[in-house]
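Note sheet for the following structure.
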2 protein chains.
Amino acid sequence: MLTQSEENYLKAIFHIQQEVEGGISTSRLAEKLETKAASVTEMIKRLADKKLVDYQKYYGVQLTDMGRKHALLIVRKHRLWEFFLVERLNFNWDEVHEVAEQLEHIKSPKLVEELDIFLGRPEYDPHGDPIPDANGNLPKSPKKRLSQLKTGDHAICKGFNDNSSSFLKFLDKQEIGLDTQIEVIHIESFDESMTVLIDKREVPLSKTASDNIYVEHITVEV
Amino acid sequence: MLTQSEENYLKAIFHIQQEVEGGISTSRLAEKLETKAASVTEMIKRLADKKLVDYQKYYGVQLTDMGRKHALLIVRKHRLWEFFLVERLNFNWDEVHEVAEQLEHIKSPKLVEELDIFLGRPEYDPHGDPIPDANGNLPKSPKKRLSQLKTGDHAICKGFNDNSSSFLKFLDKQEIGLDTQIEVIHIESFDESMTVLIDKREVPLSKTASDNIYVEHITVEV
DNA sequence: ATATATAATTAGGTTTGCCTAAAAATATAA
DNA sequence: TTATATTTTTAGGCAAACCTAATTATATAT
Ligand SMILES: [Mn+2]
Ligand SMILES: [Mn+2]
Ligand SMILES: [Mn+2]
Ligand SMILES: [Mn+2]
């Protein structure tokens, strides 16, 4: 049985591995977990003893198959709970993360399975992130960053790189949500900022913003 | 902010105080929490420092108003979650306690309030135990033990003194549940065992069993 | 290739929450 | 009332997770 802290480390390693290849540095993990490098080294050793990570002193850490399995279960629980909070308990999508950080550590296989059934086996959480199934399989969708599109392109919003409360509140304000239709009508070459058309509204987006929006690029029949 | 362990101590003290008056002994608490007396002494001191309990060395411990308020919130959360698990997630009433022991420690006032609303503000948990409201008020029902009734008495089952899985499974087998109608048809003076009529079925109950069943005594118009 | 900067590890502490064994206080019995 | 038994507290340790400061290894720049 893993401690809450061990679970948080595994999840953090998993998330960083989604972004970058190879071993993960102590400092990167410390940053993600908002802790100090010394604490990370210590914990990594414990996880290595338990065969949950492969660890080579000074050369970073990687999940083993077991470690990955554990991490995926935590991610599954996190996202199922977020879905529950938004769809059943009237939480806004920017207020669920902290509570899900707690709920993801509840240990009960039956609870996870019954919750999944109760919610109708959702495939995506409120932020568009895929929910691993009971076997740890992730439905993968081909996502592009909005910033990669060209003028005239059409797309549908499918998720976000940044799930912070401030970014989600910004999206609420611009009325951008999951499955929102977006058309790129102008890209400013000076700063790569973008003007997009959403539901007949012209919305200006900085490069930072468009970088953090994942879309599915669609071809529109004229 | 209280730790999980501190919350468990407060809840245990609260539950023991429901049964017996006056200060609660270190050994009684140790037994309830399945820990050692030395650990209890230590924790009690911490709780006393935080003004959550009144503590007199060698003479036991009692909740302060603050301590009682905290304990009632934990009990509220525990029972709301049990209700959720049984009514929405298809748990049987004998499998909810352990999971609720974990869920009761989730910290989010909004979660508690929204869960309460979502469930329709239930007044009793699946075992018939009252759910404190947001202000810590308990709806109190005048409960008797089934063992206190006389031959010929009619009653409705309203709760149990023992919520252990084995007792609840026994009740399932005898088809005794909340709001079940019970008529006492015989009491054996030798061992105080009882025969009751439930839905036209004669059910034998030991003194131990009838002691653990709470009922509302009703008068039946003939 | 060597010096310097950066990153990671080790050493040594702290707090929480548990333990066993010894000592002290209280309760009970002769 | 005094002796004995029981209960409670204290003393001293341990493991998990965190920390700061010092040391060591690796990476970078001259
Ligand atoms: Mn989240
Ligand atoms: Mn977490
Ligand atoms: Mn319970
Ligand atoms: Mn608990």
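Sequence lines set the chain letters: A, B, ... in the order given, protein chains first and strands last, and positions in each chain run from 1.
For the pair Ser25(B) and Glu42(B), nearest-nucleotide mapping onto DNA chain D gives the more 5' position to Ser25(B). Between Lys57(A) and Lys45(B), the one whose closest nucleotide on DNA chain D sits nearer the 5' end is Lys45(B).
Counting only heavy atoms from C-beta on, Ala38(A) has its side chain closest to dA21(D) among dC19(C), dA21(D), dC18(D).
Note: CG (Leu2(B)) to C1' (dG17(C)) measures 15 Å, nearest angstrom. Here dT8(D) presents its P atom at 9 Å from OH of Tyr55(B), a figure rounded to the nearest Å. In this structure, Lys50(B) atom NZ and dG17(C) atom P are separated by 7 Å, rounded to whole Å. The NE2 atom of His105(A) sits 18 Å away from the P atom of dA16(D) (whole-angstrom rounding). Regarding Asn8(A), its CG atom lies at a distance of 9 Å from the P atom of dC18(D), rounded to whole Å. Taking atom NZ on Lys36(B) and atom C1' on dG12(D), their separation rounds to 17 Å, with Å as the unit. Spacing between atom CE of Met43(A) and atom P of dA8(C) amounts to 18 Å, rounded to whole angstrom units. Here dA8(C) presents its C1' atom at 17 Å from CZ of Arg28(A), a figure rounded to the nearest Å.
In this structure, the side chain of Ser193(A) does not engage the main chain of Leu205(A) through any donor-acceptor pair within 3.5 Å.
Of the candidates Lys11(B), Lys77(B), Arg79(B), Lys11(B) is the only one forming a side-chain hydrogen bond (donor to acceptor under 3.5 Å, both in side chains) with Glu104(B).
Ionic pairing of Lys110(B) and Glu113(B) is not present here: no N-O contact between side-chain nitrogen and carboxylate oxygen is shorter than 4.0 angstrom.
As judged by a 4.0 angstrom heavy-atom cut-off over every strand, Ser5(A) is placed among residues touching the sugar-phosphate backbone only. Within 4.0 Å of Thr41(A), counting heavy atoms only, lies at least one base atom of the nucleic acid.
Under 4.0 angstrom from either OP1 or OP2 of dT16(C) there lies no side-chain N or O belonging to Tyr9(B). Distances shown here put every side-chain N or O of Ser27(B) at or beyond 4.0 Å from the OP1 or OP2 atom of dT6(D). Proximity of Thr3(B) to the phosphate of dG17(C): a side-chain N or O atom is located under 4.0 Å from OP1 or OP2. One finds a side-chain N or O of Thr26(B) lying less than 4.0 angstrom from the OP1 or OP2 phosphate oxygen of dT9(D). Within the 4.0 Å cut-off from OP1 or OP2 of dG17(C), at least one side-chain nitrogen or oxygen of Arg46(B) is found. A close approach under 4.0 Å does not occur between any side-chain nitrogen or oxygen of Tyr58(A) and OP1 or OP2 of dT24(D).
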So Ile13(B) and Lys32(B), side chain to side chain contact (heavy atoms under 4.5 Å, CB included) or not? Walk me through it.
-> CA-CA 9 Å; Ile13(B) 297 168; Lys32(B) 185 104 174 176; over 6 Å; no
Taking it one step at a time, do Phe84(A) and Phe84(B) satisfy ring pair (Phe, Tyr, Trp, His ring centres under 6.0 Å)?
-> CA-CA 13 Å; Phe84(A) 170 72; Phe84(B) 170 72; 5.4 Å; yes
